[in-house]
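One structure below.
Just so it is clear, the model here is predicted, and its values are computed rather than measured.
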Amino acid sequence: MSLKAFHIVFVTVSVLLMLVIAGWSVGNYRSGGTTTDLVWGGASLAAAVALLVYGKLFLRKFKNVSFL
């Protein structure tokens, strides 16, 4: 597996993890949690968006590099 392929997989898994954490935190807040849960949910969602933007820029920059 090339470094480019590993990087794409790692960013994808990181985005999914941030979305799970965001959903979990917001779920905790809705079931009587504290404001901290809502802040963690928002921060995780912002991190997921930032990782998506980073992944798109990475793919654009390295579009000519092979996956092998």
Which pairs of donor and acceptor atoms, one on a side chain in residues 41-52, lie under 3.5 Å apart (sequence neighbours left out)?
{"unit_1": "Ser44", "atom_1": "OG", "unit_2": "Trp40", "atom_2": "O", "d": "2.8"}

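In this structure, the side chain to side chain contact (heavy atoms under 4.5 Å, CB included) partners of Thr34, at least two apart in sequence or on a different chain, are Thr36, Asp37. Partners of Leu3 by side chain to side chain contact (heavy atoms under 4.5 Å, CB included), not counting sequence neighbours: none found. Phe58 pairs by the ring pair (Phe, Tyr, Trp, His ring centres under 6.0 Å) definition with His7, Phe62, not counting sequence neighbours.
For residues 13-26, there are no side-chain hydrogen bond (donor to acceptor under 3.5 Å, both in side chains) pairs, not counting sequence neighbours. Residue pairs meeting the side-chain hydrogen bond (donor to acceptor under 3.5 Å, both in side chains) criterion with at least one member in residues 56-67, sequence neighbours excluded, do not occur.
With a 4.5 Å cut-off between side-chain heavy atoms of Ile, Leu, Val, Met, Phe, Trp and Tyr, the cluster of Val13 takes in Val9. Under a 4.5 Å side-chain heavy-atom cut-off, the cluster of Ile, Leu, Val, Met, Phe, Trp and Tyr residues that includes Tyr29 is completed by Leu38.
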Q: Start with the C-alpha distance between Val20 and Leu16, add both sets of side-chain angles, then the distance that settles side-chain contact (heavy atoms from CB on, under 4.5 Å), and finish with yes or no.
A: CA-CA 6 Å; Val20 167; Leu16 292 175; 5.6 Å; no
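The hydrophobic cluster containing Ile8 also contains Tyr54, counting ILVMFWY residues as joined when their side-chain heavy atoms lie under 4.5 angstrom apart, directly or transitively.
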